[in-house]
Enquirer: 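One structure follows; several queries about it will come next.
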Number of protein chains: 2
Amino acid sequence: MIWNNFRKDDARLPTFINEREEKHYYETEATEKDYLAWYRQHNSKKYRTPSVTVDNVLFCYNREQDQLKVLLIRRNTHPFRNSWALPGGFVQPEESTDESCLRETATETGVSITSQHIEQLHTFSTPNRDPRGWIITVSYLAFIGEEPLTAGLDAKEALWFSVVRKDDMLHLVNGPNEIILNFQTGKTTAGEQLAFDHAKIISKAFLRVLNKMYHDPKVLRLLGQSFTITEARKVFAKFLGCPHQTIDHSNFKKALRAELVELGEKPVGIGRPSKIFTLKENKKK
Amino acid sequence: MIWNNFRKDDARLPTFINEREEKHYYETEATEKDYLAWYRQHNSKKYRTPSVTVDNVLFCYNREQDQLKVLLIRRNTHPFRNSWALPGGFVQPEESTDESCLRETATETGVSITSQHIEQLHTFSTPNRDPRGWIITVSYLAFIGEEPLTAGLDAKEALWFSVVRKDDMLHLVNGPNEIILNFQTGKTTAGEQLAFDHAKIISKAFLRVLNKMYHDPKVLRLLGQSFTITEARKVFAKFLGCPHQTIDHSNFKKALRAELVELGEKPVGIGRPSKIFTLKENKKK
DNA sequence: CGAATAGTGTCTATCAGACAATATAAT
DNA sequence: ATTATATTGTCTGATAGACACTATTCG
């Protein structure tokens with residue numbers, strides 16, 4: 001490579017004996033503008049860079065079935081062809097990973113969510129976590145208000161798996177498909193395997209919710225705009241792995257009263273009418 | 001599929017009319033081994049990928065000065081030449097971002113830390129956060145046991161800045177250099193500016209420590225292997241922005257007793273001998 | 001002894017959790 | 001009225017925080 005031949009048209013610029021001298025000149029003596037122009041032309045493809053993906057743990061809750069669910073897709077391409085995996089995709093230029101998460105969620109599930117609904121979990125970068133090569137993933141957690149279309153998009157099979165906690169195990173079930181993983185270790189223990197390190201990601205998401213529920217009950221966005229105390233107890237019970245009756249109504253309400261706003265009464269239903277609540281929005285993270 | 005037009009180098013493989021057909025074949029019909037071989041050869045350079053860096057918020061605490069400090073380097077290259085910035089660098093192939101963090105910390109400060117000392121903070125990916133182009137950074141938080149060499153390495157000036165909290169402001173000071181930032185908004189308000197979005201990263205680190213201190217007092221690693229209750233109070237006071245005397249000794253000890261192990265007594269010093277403690281290690285995250 | 005430092009004990013308002021009582025509506 | 005569901009109220013043990021007291025060492 002000829003190092004003294006960069007931008008002949010610009011007489012301001014000196015010539016260089018070697019690459020190191022040129023680098024030093026642009027990094028320390030040239031103007032920032034000249035540096036950036038030089039960098040884009042010479043440095044941008046010099047080093048190997050990883051691909052970056054997002055992987056999204058999308059939870060929803062179905063009131064009728066009283067089931068917590070997580071969205072998985074069956075991969076129809078290599079690698080991990082026919083394995084279940086989290087939805088996600090490659091981050092594109094000129095977008096943040098937050099935006100990637102929202103874009104992928106919208107295209108894969110048809111549900112529009114905002115940055116208020118998502119939360120960055122962790123960035124996974126273990127070498128060889130993806131057999132295709134150097135691929136880093138930024139994982140996200142999102143709570144979908146109501147169960148949307150379950151039909152797959154992008155020519156993939158996309159299904160909601162019910163999530164049942166038993167001790168430290170999560171049972172992800174949809175019909176004949178069953179995946180069992182330990183969310184303390186992040187490993188699948190029986191049944192089908194998950195693609196890549198997605199068992200770790202799901203575990204991290206579940207633990208995050210569990211640890212923050214009472215302090216930051218964002219998980220109640222699973223119930224949409226408004227909900228009753230009992231509905232909130234049912235959602236918490238899914239993460240605690242217990243029947244919702246074991247969560248005392250009175251104590252639960254006391255614990256969360258600071259995070260909730262009362263909206264009115266639910267007009268229909270058996271028994272005393274429930275009051276309906278919504279999450280306070282003014283929380284500054 | 002047409003099998004009558006074999007490739008010379010591998011008779012097993014078919015030829016394709018167009019790129020799309022080829023992609024479809026490898027993704028869905030070929031073996032995974034063949035797919036991966038094809039992917040590496042054809043797909044690896046097809047899409048633009050970002051550079052990925054790590055940025056490390058390294059805190060230390062000096063007992064003699066009773067000062068919390070954060071390590072900043074003065075950049076001697078574009079972009080942000082002469083601005084103060086967090087130490088960090090590009091993630092290399094075949095290493096995780098955790099390993100990058102440890103490697104960069106070792107080379108920039110001379111201090112060897114283990115994965116026990118670091119914690120991933122957040123991945124920042126706002127477009128144009130770096131004028132050089134598409135650069136994503138994974139930020140880390142680390143607690144250095146004792147103040148190491150302050151001399152810069154890598155031909156950069158590296159200095160420990162004392163960190164003083166006043167209300168929502170952090171004052172980062174080293175001699176004539178002073179940077180003031182609001183850790184609630186993540187913005188510098190006066191004095192010198194920080195490079196890139198590093199004010200946001202430092203703010204995130206400070207808030208993370210503040211929110212988790214009592215629940216997960218990993219911050220006490222600032223005090224090395226062992227410490228007295230009063231030393232621990234002094235560290236907490238730095239993050240709370242108050243004199244350590246306002247933290248009641250008795251109540252503080254009660255709050256942290258579950259996280260500490262008593263080692264013995266400190267033999268020297270004025271007044272009643274202090275007991276020395278260390279952090280319990282058995283915490284599973 | 002007195003000053004300085006640090007560990008220990010006590011009191012109280014508050015709160016989480018267990019449990020009881022009341023309110024409403026469908027059958 | 002009975003039953004199911006939900007809300008409201010009460011009691012108690014535990015705890016955080018304020019404060020007081022005791023223990024040790026140095027000058």
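Naming convention: chains lettered A, B, ... in sequence-line order (proteins, then strands); numbering from 1 in each chain. Predicted model only: the values in this text are computed from it and were never measured.
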Enquirer: Please report, rounded to the nearest Å, how far the C1' atom of C:dA18 is from the CD atom of A:Q245.
Expert: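 Distance check: A:Q245 CD to C:dA18 C1' gives 16 Å.
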
Enquirer: Rounded to whole Å, how long is the line connecting atom NZ of A:K275 with atom C1' of C:dT22?
Expert: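 Roughly 13 Å, once rounded to whole Å.
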
Enquirer: A side-chain contact here means heavy atoms from C-beta on lying under 4.5 Å apart; do A:I113 and A:I118 qualify?
Expert: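 Touching, per the 4.5 Å side-chain cut-off.
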
Enquirer: Per the ring-ring contact (aromatic ring centres under 6.0 Å, His included) rule, which among B:Y140, B:F161, B:W160, B:F239 passes with B:F59?
Expert: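 Output: one option passes, namely B:F239.
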
Enquirer: Do A:L172 and A:L72 touch side chain to side chain, with heavy atoms closer than 4.5 Å?
Expert: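 They are in side-chain contact.
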
Enquirer: What is the distance, rounded to the nearest whole Å, between atom CZ of A:F227 and atom P of D:dT7?
Expert: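 Whole-Å distance recorded here is 12 Å.
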
Enquirer: Which whole-number value in Å describes the distance from A:R272 CZ to C:dT24 C1'?
Expert: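 Interatomic distance, CZ of A:R272 to C1' of C:dT24: 7 Å.
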
Enquirer: Under a 4.0 Å heavy-atom cut-off, which of residues 247-255 of chain A touch DNA chain C?
Expert: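 Residues of residues 247-255 of chain A that come under 4.0 Å of DNA chain C are, in numerical order, A:D248, A:S250, A:N251, A:K254.
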
Enquirer: Between B:Q193, B:H198, B:K200, which is the residue that forms a side-chain hydrogen bond (donor to acceptor under 3.5 Å, both in side chains) with B:T188?
Expert: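 The single option meeting the side-chain hydrogen bond (donor to acceptor under 3.5 Å, both in side chains) with B:T188 is B:Q193.
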
Enquirer: Between B:K234 and C:dA6, does any side-chain N or O lie under 4.0 Å from OP1 or OP2?
Expert: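 Answer no for this pair, as no side-chain N or O of B:K234 is under 4.0 Å from OP1 or OP2.
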
Enquirer: Do B:F227 and B:L260 come close enough that some side-chain heavy atom pair is under 4.5 Å?
Expert: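 Side chain of B:F227 against side chain of B:L260, heavy atoms only: contact under 4.5 Å found.
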
Enquirer: Which whole-number value in Å describes the distance from B:I276 CD1 to C:dA6 C1'?
Expert: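 Atom CD1 in B:I276 sits about 14 Å away from atom C1' in C:dA6.
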
Enquirer: Report the residue (A:H244 or B:R257) whose heavy-atom-nearest nucleotide on DNA chain D is the more 5′ of the two.
Expert: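 Nearest-nucleotide comparison on DNA chain D picks A:H244.
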
Enquirer: For B:D55 and B:T137: C-alpha separation, side-chain torsions, deciding distance, then whether side-chain hydrogen bond (donor to acceptor under 3.5 Å, both in side chains) applies.
Expert: CA-CA 7 Å; B:D55 283 310; B:T137 194; 2.8 Å; yes

Enquirer: Among side-chain atoms of A:S125 and B:T97, is any donor-acceptor pair under 3.5 angstrom?
Expert: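 Yes.
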
Enquirer: Using five base pairs at each end, measure the axis-to-axis angle across the helix from C:dC1-D:dG27 to C:dT27-D:dA1 and round it to 10 degrees.
Expert: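 It comes to 10° between the two terminal axes.
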
Enquirer: Determine, for B:E259 against B:K280, whether the closest basic-nitrogen to carboxylate-oxygen distance falls under 4.0 angstrom.
Expert: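 Between B:K280 and B:E259 there is no salt bridge, as every charged N stays at least 4.0 Å from the carboxylate O atoms.
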
